[in-house]
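Contents: one structure, followed by commentary.
Everything numeric here is computed off the predicted structure, so don't read it as measured data. Residues: numbered from 1 along the sequence shown. Any value given below was found using the heavy atoms of this structure, including those in side chains, with hydrogens, waters and symmetry copies removed.
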Amino acid sequence: MISAYSLTFLLFRYHKMSTSLKHMPSTQRIEISHTPLLIIPMSKAGALDLASGLGGKLDKNEVLSAVEKYEKYHVCYGGEEEERKANYTDMVNKYYDLVTSFYEFGWGESFHFAPRWNGESLRESIKRHEHFLALQLDLKPGHKVLDVGCGIGGPLREIARFSYTSVTGLNNNEYQISRGKELNRVAKVDKTCDFVKADFMKMPFPDNSFDAVYAIEATCHAPDAYGCYKEIYRVLKPGQHFAAYEWCMTDAFDSNNQEHQKIKAEIEIGDGLPDIRLTGKCLEALKQAGFEVVWERDLAVNSPVPWYLPLDKSHFSLSSFRLTAIGRFITKNMVKVLEFVRLAPKGSQRVQDFLEKAAEGLVEGGKKEIFTPMYFFLARKPLSASE
């Protein structure tokens, strides 16, 4: 067992390391993969940044009750799929209020996976994944682009700078939007990129507003894929494209297999999902909404480096240290200390616990090839109904 004194010292050192890196010139803030002398975190956020952000916009005294209510939506705690779908706005908002600081602390500004080449860092693969999306959409300078379910805007900023476009981020979580606006100012893209707080099932935009629309591991939160895709179809200009990376169960998933169901339930509770659809259901919903599918593929298949490797406890990496088993162990005990000394709200450990459960489910789902976080499709809105 690690003593409270040792953990407090570790917390202080972890925070000092993160803070010193935060103020290091960007040219020096590089990933070092072969030296044990320096561990570069994925995010610039330090330990005390994590503590101050826990709970998002929730009152700190309400975090524990929010955790308890969130947990009750899910199968592990007797919850039903229909209840999750009926209350998806509340469930997803609570989820992101509770987990955003953890995500940013461990994952950086872009909360998504990516296929990966041998010799490629996690950060490089994430950027390439975002650039690939921009290229598939054939983005041009001056285009108006919509990011559906944009998180704190990591992909939004990367794609805007890569393609010289104006990107609007749609998000229904107030805390993530406030973080995104702050990060946009830091990145100096606040004049061309903005955020709109709204539900992607009821978008506040006129018909035919955008030159392109994309979603990165976000529309999986929708209670109804057809309803979500239909709204995207409405706001997209005729002849233009919608591209997405979807979280899906693959054809290898067996709904009668108890182990498969357990893995699916772990991913759902750990990632704020009402249900995880099969890839075929996404395809059906796209066509039903009016799109023509240009091409689609599960990009997890044949990826040289497994997408789930950063979360696999048997894997160690200095460049993504906070995601490794040791990094997660340190974070878990650090959160315990933060909660004990009341820098983090009561209930923070519970959030860490269900995120750990999600990591285990994601790794097992990936290894068994029953789950993918990168079912990709490129779809086009016809020029006219008769086309």
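- A heavy-atom distance below 4.5 Å is found between the side chains of Phe242 and Phe291.
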Report the C-alpha distance between Trp247 and Phe371 in whole Å, list the side-chain angles of each, state the deciding distance to 0.1 Å, and finish with yes or no for ring-ring contact (aromatic ring centres under 6.0 Å, His included). CA-CA 8 Å; Trp247 280 35; Phe371 169 81; 5.2 Å; yes

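- Between Tyr96 and His221, the ring planes are perpendicular. Angles over 60° get that label, and only those under 30° would be called parallel.
- Environment of NZ in Lys85: crowded, with over 12 heavy atoms of neighbouring residues, nucleotides or ligands closer than 6.0 Å.
- There is a side-chain donor-acceptor pair under 3.5 Å between Asp90 and Tyr73.
- For the residue pair Gln136/His241, the side-chain donor-acceptor check at 3.5 Å is not satisfied.
- The side-chain heavy atoms of Met201 and Pro223, taken from C-beta on, include a pair separated by under 4.5 Å.
- Counting all heavy atoms, side chain and backbone alike, His112 lies closest to Pro155 at CD2-CG, 3.9 Å.
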Stepwise salt bridge (Lys or Arg N to Asp or Glu O under 4.0 Å) test for Lys357 and Glu266: CA-CA 6 Å; Lys357 189 184 293 288; Glu266 287 176 344; 5.1 Å; no

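- A distance of 10.0 Å separates OG1 in Thr372 from CE in Met249, rounded to the nearest 0.5 Å.
- In this structure, a donor-acceptor pair under 3.5 Å is present between the side chains of Asn93 and Asn173.
- Closest approach of Pro382 and Tyr233 over heavy atoms only: CD-OH, 3.8 Å.
- Residues Tyr226 and Leu286 do not share a hydrophobic cluster, defined by chaining ILVMFWY side chains whose heavy atoms lie under 4.5 Å apart.
- Side-chain heavy atoms closer than 4.5 Å link hydrophobic residues (I, L, V, M, F, W, Y) into clusters, and following such links, even through other members, never connects Ile370 to Val301.
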Do Arg234 and Asp207 pass the salt bridge (Lys or Arg N to Asp or Glu O under 4.0 Å) test, and can you show the C-alpha distance, the side-chain angles, and the key distance before you say yes or no? CA-CA 5 Å; Arg234 181 182 66 78; Asp207 294 357; 2.8 Å; yes

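- Applying the side-chain hydrogen bond (donor to acceptor under 3.5 Å, both in side chains) test to Glu82 and every residue at least two apart in sequence or in another chain returns nothing.
- At least one side-chain heavy atom of Glu104 sits less than 4.5 Å from a side-chain heavy atom of Leu183.
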Test side chain to side chain contact (heavy atoms under 4.5 Å, CB included) on Leu283 and Glu296 and set out the steps. CA-CA 9 Å; Leu283 212 54; Glu296 48 82 28; 3.7 Å; yes

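- Taken to the nearest 0.5 Å, the SG atom of Cys150 stands 10.5 Å off from the CD1 atom of Ile216.
- Under the 4.5 Å side-chain heavy-atom criterion for grouping Ile, Leu, Val, Met, Phe, Trp and Tyr, Leu146 is not connected to Phe162 through any hydrophobic cluster.
- Remark: of the listed residues Asp271, Asp275, Asp254, Asp275 is the sole one forming a salt bridge (Lys or Arg N to Asp or Glu O under 4.0 Å) with Lys264.
- Checked against the 6.0 Å centroid criterion, the rings of Phe210 and Phe205 qualify as a close aromatic pair.
- Judged purely by atom type and a 3.5 angstrom limit, His143 uses its side chain to pair as donor or acceptor with the backbone of Lys140.
- Counting heavy atoms of neighbouring residues, nucleotides and ligands inside a 6.0 Å radius, atom NZ of Lys230 exceeds 12 of them.
- Side-chain atoms of Ser125 and Glu120 include no donor-acceptor pair closer than 3.5 Å.
- Shown here for Ala300 and Trp307, the closest heavy-atom pair between the two residues is CB-CD1, 3.6 Å.
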Derivation of the side-chain hydrogen bond (donor to acceptor under 3.5 Å, both in side chains) call for Gln240 and Asp211: CA-CA 6 Å; Gln240 302 305 310; Asp211 298 296; 5.7 Å; no

Please test Val145 against Tyr214 for side chain to side chain contact (heavy atoms under 4.5 Å, CB included), starting from the C-alpha separation and ending with a verdict. CA-CA 8 Å; Val145 183; Tyr214 69 84; 3.7 Å; yes

List the steps, then state whether salt bridge (Lys or Arg N to Asp or Glu O under 4.0 Å) holds for Lys313 with Glu356. CA-CA 11 Å; Lys313 288 184 176 179; Glu356 186 62 33; 3.5 Å; yes

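- With contacts defined as side-chain heavy-atom distances shorter than 4.5 Å, the pair Asn171/Lys197 does not qualify.
- A salt bridge links Arg179 and Glu182; the closest N-O separation between the charged side-chain nitrogens and carboxylate oxygens is under 4.0 Å.
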For a salt bridge (Lys or Arg N to Asp or Glu O under 4.0 Å) check, start with the C-alpha distance between Arg84 and Glu268, then their side-chain angles and the critical distance, and finish with the verdict. CA-CA 10 Å; Arg84 292 195 297 276; Glu268 286 168 350; 3.5 Å; yes

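- Under the 4.5 Å side-chain heavy-atom criterion for Ile, Leu, Val, Met, Phe, Trp and Tyr, Leu170 and Val189 are members of distinct hydrophobic clusters.
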Report the C-alpha separation of Asp147 and Thr168 in whole Å, then their side-chain angles, then the decisive distance to 0.1 Å, and conclude whether the side chain to side chain contact (heavy atoms under 4.5 Å, CB included) test is met. CA-CA 6 Å; Asp147 180 335; Thr168 298; over 6 Å; no

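- A pairwise comparison of heavy atoms in Pro304 and Trp117 identifies CG-CE3, 3.5 Å as the closest pair.
- Side-chain N or O atoms of Tyr95 include one that pairs as donor or acceptor with a backbone N or O of Gly270 at under 3.5 Å.
- Between Met203 and Val196 there is no side-chain heavy-atom pair separated by less than 4.5 Å.
- A side-chain contact (heavy atoms from CB on, under 4.5 Å) with Asn184 holds for exactly one of Thr192, Leu156, Val167, Asp194; it is Leu156.
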Can you list the steps and then say if Trp295 with Phe376 is a ring-ring contact (aromatic ring centres under 6.0 Å, His included)? CA-CA 8 Å; Trp295 73 281; Phe376 173 81; 4.9 Å; yes

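- More than 12 heavy atoms of other residues, nucleotides or ligands shown are found within 6.0 angstrom of NZ on Lys237.
- The shortest distance between side-chain heavy atoms of Glu259 and Lys368 falls below 4.5 Å.
- Considering all non-hydrogen atoms of both residues, Gly272 and Val92 come closest at O-CG2, 3.7 Å.
- Taking 4.5 Å as the limit, some side-chain heavy atom of Thr219 sits within range of a side-chain heavy atom of Tyr229.
- Atom CD1 of residue Ile152 and atom CZ of residue Phe195 lie 8.5 Å apart, to the nearest 0.5 angstrom.
- Glu369 and Thr250 share no donor-acceptor pair across their side chains, judged by distance under 3.5 Å alone.
- Taking CG of Asp251 as the start and OG1 of Thr279 as the end, the distance is 4.5 Å to the nearest 0.5 Å.
- Atom CZ of Phe113 is separated from atom OG of Ser303 by 12.5 Å, given to the nearest 0.5 angstrom.
- Ser110 and Glu158 form no side-chain donor-acceptor contact under 3.5 Å, judged by distance and modelled atom types alone.
- Residue Lys188 holds its NZ atom at 8.0 Å from CG of Asp190, rounded to the nearest 0.5 Å.
- Put simply, the side chain of Leu378 reaches to within 4.5 Å of the side chain of Leu137, judged on heavy atoms.
- Here the closest non-hydrogen pair linking Pro115 and Arg128 is O-NH2, 2.8 Å.
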